[in-house]
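Computed over heavy atoms, backbone and side chain alike; hydrogens, waters and symmetry mates excluded. In this text, all values refer to a predicted model and were calculated from it rather than measured experimentally.
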Amino acid sequence: MTTNLKSKLLPMLVLFSTLIACKNTEKNMDTYKWPDAKPPVAAMKPITRTLHGDTVVDNYYWMIDYFKKGKDSSEVITYLDAENKYLDTMMSGTKSFQENLFKELKGRIKEKDESVPVLNNGYYYYTRTEDGKQYFKYCRKKGSLDAKEEVLLDVDEMAKGLPYFSVSGVKVSPDNKLLAFGVDKVSRRQYTIHVKNLETGELLKDAIPNTQADPVWAADNKTLFYTAKNEVTLLSEKIKKHKLGTDAKQDAVVYHEKDNTNYIGVSKSKSGKYIFIYSGATLSSETRVLEADQPDKPFRILQPRMKEVLYEMYALDDKFLILTNWNAKNFRLMECPLDKPGKENWKDVIPHRKDVLLESVEEFKKFVSITERKDGLTQLRIKNNNGTEHYVAFEEPSYRAQTGANPEYNTKNLRYIYTSLTTPSSTYDYNMETKDKKLMKQQEILGGYDKKEYTTERLFATAKDGTKIPISLVYKNGFKKDGSAPLLLYGYGSYGSTIDPSFSSNTLSLLNRGFVYAIAHIRGGQEMGRQWYEDGKLLKKMNTFTDFITCGEHLTEQKYTSKGHLYAQGGSAGGLLMGAVVNLAPDLWNGVLAHVPFVDVVNTMLDESIPLTTNEFDEWGNPKQKAAYEYMKSYSPYENVTAKAYPNMLVTTGLHDSQVQYFEPAKWVARLRATKTDNNVLLLKTDMDFGHGGASGRFDYLKDIALNYSFLFALEGISE
């Protein structure tokens with residue numbers, strides 16, 4: 001369901017000069033020969049669901065057994081293993097090609113590298129990677145980049161011998177002597193918080209299990225606040241307080257969220273003076289505050305939650321800033337006194353505008369940076385305390401710009417990240433006073449990369465209701481718009497998550513073999529404002545799917561590709577998109593990549609024991625209500641599999657996925673196998689060691705990309 005899917009389309013690869021931009025006229029002359037292997041046949045064990053007078057038979061509900069019973073469900077593991085073996089057999093002819101692709105993808109990555117240092121409380125913090133190592137080292141230098149390096153965490157060493165390892169929520173205490181951090185060894189996003197003494201190197205006995213990995217230090221350097229999870233549903237339910245040296249089982253609950261549709265979290269103001277507890281759902285939110293130097297006092301509510309009102313608070317020296325949609329669909333920026341935080345004291349700083357979405361705020365002592373979105377493109381607006389303001393200019397037709405790490409409160413510099421489909425990720429420091437900007441680092445692509453060899457465009461497809469749907473695309477120069485080129489169309493379209501075009505060195509392996517890569521900015525995201533999101537959720541969710549189909553049709557009509565060469569890709573809620581579009585327009589796509597797909601919508605949303613279900617009611621609806629049930633059932637991919645021809649499909653999942661449980665794609669594939677009328681290829685890959693985000697190492701996930709690409713190349717007859 002929810003995806004924090006931080007795109008694993010990382011950038012890097014070797015450009016092969018012998019590859020020409022378009023080989024479409026010859027690529028199908030040597031089509032890949034799929035082995036004549038029989039796919040697994042999943043057992044049918046019908047159970048009946050009756051709700052709102054509607055009766056449905058589910059033959060594959062039994063696949064939930066591993067989730068419910070764990071190791072007692074050997075039949076589920078046997079089936080998933082059989083599917084993995086079938087995939088290996090079907091893709092066996094591409095094995096050497098996959099190995100070469102992996103080397104190609106990895107070959108673009110600068111293995112020995114270092115992030116741009118970030119100054120925080122007197123120290124420069126950065127991560128660095130070493131040749132051949134999967135993880136990183138978290139380091140700092142005191143006062144100057146010429147100072148001696150301290151390695152705070154050697155994650156390569158910590159992860160030794162483990163198939164999965166993730167470190168998150170790294171926080172240094174105010175006195176710079178202690179380090180709190182979360183560790184997940186299972187890929188269920190259930191982190192144990194540990195504390196390290198940075199003076200002695202000792203790992204303290206404190207270990208706080210089952211957390212969100214968001215430790216927040218109080219000013220006393222011995223009190224930690226954190227978000228605790230429900231062990232079954234994985235919901236963030238409680239904010240707790242831990243005193244160093246005490247048993248975590250005795251940690252006091254300082255806030256308990258009773259509404260199981262809300263997510264909660266804890267954070268600290270940039271000034272360091274306040275600790276915030278945020279509780280929010282899709283439609284409403286509430287913030288509590290506590291002075292950081294008074295950790296044993298109770299939190300107090302700044303503004304009680306209001307129906308369909310979202311707000312976030314930012315602390316300045318003399319006031320709070322409020323980013324809110326109160327009477328402002330696209331949000332507005334307001335302010336209030338520190339001692340009078342209630343709504344009755346809120347005053348406009350930036351009023352609401354129908355054509356501009358306010359997305360986020362970065363507060364500083366003398367400046368405020370506001371991320372705005374107009375016509376689908378990001379703008380950074382800088383306001384000075386002296387009353388002046390200006391915008392940071394960006395020039396490409398389609399791009400991604402976002403603020404980076406800005407922990408310092410009293411600074412004139414804003415760090416931001418800029419990228420596009422042809423511009424590698426670029427880190428800038430921008431002086432908000434002088435307007436001077438300095439490129440601190442641009443992602444290096446080993447083997448050479450020249451953006452002048454590629455072209456990016458921004459198109460608009462027209463939906464049936466007249467809505468213009470933006471499409472961003474990129475191709476290598478020499479591309480001919482005659483319908484013969486293969487094209488991979490990516491989409492997401494949920495949770496108001498905006499998918500801006502960004503550079504990926506991995507995509508070069510597609511472009512250099514004649515592919516066009518495109519992103520459909522469909523409703524359900526927030527690219528064109530808050531209404532864009534609201535028109536793609538709940539009882540308007542079908543717009544998301546039809547928008548994507550419209551984009552695919554437009555690209556074929558304009559001869560960027562044709563039906564025999566059009567491919568679709570999406571993951572998580574984007575995997576739901578894939579499941580829906582193959583039901584609605586199966587003949588439009590030659591192949592589909594569906595990653596960790598949320599495809600059993602009705603059954604999952606009916607089962608509140610499944611992680612995150614109740615948090616999702618505002619996004620999909622609650623099927624216990626008849627109208628929501630009927631609408632959900634009308635598009636849920638699993639419910640709508642029928643006897644017809646489907647495109648070639650590669651479906652992936654993870655056994656330990658905490659966001660979309662493995663049984664959803666497994667059930668879907670089983671039902672497709674038993675129902676579809678075509679002989680097209682249908683493959684299911686289950687990572688038995690990983691979860692929603694796949695492998696944790698910086699190279700291992702490239703093997704999955706090599707598999708995905710080799711699947712597409714096999715369908716196109718591309719063998720090198």
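- The nearest pair of heavy atoms linking Y126 to P117 is CB-CA, 4.0 Å.
- Under the 30°/60° scheme for interplanar angles, the aromatic rings of F165 and Y135 are found to stand perpendicular.
- For the pair Y32/L715, no side-chain contact is recorded, criterion being any heavy-atom separation below 4.5 Å from C-beta on.
- Aromatic ring orientation, F479 versus Y475: tilted (interplanar angle from 30° to 60°).
- Screening R458, E527, H521 for a side-chain hydrogen bond (donor to acceptor under 3.5 Å, both in side chains) with S472, the sole residue that qualifies is H521.
- For the atom pair NZ of K148 and SG of C139, the computed distance is 13.0 Å after rounding to the nearest 0.5 Å.
- Here Y428 pairs with Y416 under the ring pair (Phe, Tyr, Trp, His ring centres under 6.0 Å) rule; sequence neighbours left out.
- In this structure, T686 and N84 have side chains that are in contact, with non-hydrogen atoms separated by less than 4.5 Å.
- Taking every heavy atom of both residues into account, I522 and G493 meet most closely at CG1-CA, 3.9 Å.
- Between the side chain of Y399 and the backbone N or O of T378 there is at least one donor-acceptor pair closer than 3.5 Å.
- At a threshold of 4.5 Å between non-hydrogen side-chain atoms, the residues P470 and F460 count as touching.
- Donor-acceptor pairing under 3.5 Å is lacking for the side chains of Q442 and S425.
- Of the inter-residue distances, the one linking S494 atom OG with Q526 atom CD reads 12.5 Å to the nearest 0.5 angstrom.
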Q: Go through the steps for D704 and K685 under the test salt bridge (charged side-chain N to carboxylate O under 4.0 Å, His left out), then give the verdict.
A: CA-CA 10 Å; D704 289 332; K685 179 178 188 277; 3.0 Å; yes
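- Listed for the K563 side chain is no donor-acceptor partner under 3.5 Å among the backbone atoms of L588.
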(Q) side-chain contact (heavy atoms from CB on, under 4.5 Å), that's the test. Do H194 and L203 meet it? Break it down for me. (A) CA-CA 7 Å; H194 299 278; L203 195 65; 4.1 Å; yes
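- Q379 and R381 form no side-chain donor-acceptor contact under 3.5 Å, judged by distance and modelled atom types alone.
- No hydrogens or angles considered: a donor-acceptor pair under 3.5 Å links the side chains of T423 and K451.
- Cation-pi contact between R140 and Y125: absent, since separation from the ring centre below 6.0 Å together with deviation from the ring axis within 45° is not met.
- When atom types are taken as modelled, the side chain of S710 and the backbone of Q98 share no donor-acceptor pair closer than 3.5 angstrom.
- S360 and T371 form a side-chain donor-acceptor contact under 3.5 Å, judged by distance and modelled atom types alone.
- At distances below 3.5 Å, at least one donor-acceptor pair connects side-chain atoms of R513 with backbone N or O atoms of E720.
- When only modelled atom types and interatomic distance are considered, Y454 and N512 share a side-chain donor-acceptor pair under 3.5 Å.
- A side-chain donor from one of Y418 and E396 sits under 3.5 Å from a side-chain acceptor of the other.
- Counting only heavy atoms from C-beta outward, the side chains of N413 and M432 never approach each other to under 4.5 Å.
- Distance alone, capped at 3.5 Å, is enough to place a donor-acceptor pair between the N406 side chain and the G404 backbone.
- Aromatic pair Y449/F503: ring centres closer than 6.0 Å.
- In this structure, a donor-acceptor pair under 3.5 Å is present between the side chains of N590 and Y567.
- Looking at Q134 and D156, their side chains never bring a donor and an acceptor atom within 3.5 Å of each other.
- Closest approach of A518 and L555 over heavy atoms only: CB-CD1, 4.3 Å.
- In this model, a donor atom of one side chain and an acceptor atom of the other lie less than 3.5 Å apart for S484 and D482.
- For the pair K270 and F364, the cation-pi test (distance below 6.0 Å, angle within 45°) is passed.
- Counting heavy atoms from C-beta outward, F102 and N100 have side chains that stay 4.5 Å or more apart.
- One distance of note links CG of L414 with CG of N431; it measures 10.0 Å at 0.5 Å rounding.
- Distance check, rounded to the nearest 0.5 Å: CD of E359 to CG of L380 gives 10.0 Å.
- Using a 4.5 Å heavy-atom cutoff, the side chains of M649 and M578 are not in contact.
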Q) Between D113 and K441, is a salt bridge (charged side-chain N to carboxylate O under 4.0 Å, His left out) present by the stated rule, with each step listed? A) CA-CA 11 Å; D113 205 357; K441 182 175 183 178; 2.7 Å; yes
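- Under the 4.5 Å side-chain criterion, counting only non-hydrogen atoms from C-beta, E111 is not in contact with E130.
- Once rounded to the nearest 0.5 Å, the distance linking NZ of K106 with CG of L101 reads 14.5 Å.
- Looking only at side-chain heavy atoms (C-beta outward), L684 and T653 come within less than 4.5 Å of each other.
- Under the 3.5 Å distance criterion, the side-chain polar atoms of E114 are left unmatched by any main-chain donor or acceptor of T129.
- The structure places CG of L488 at 14.5 Å from NE2 of H565, a figure rounded to the nearest 0.5 Å.
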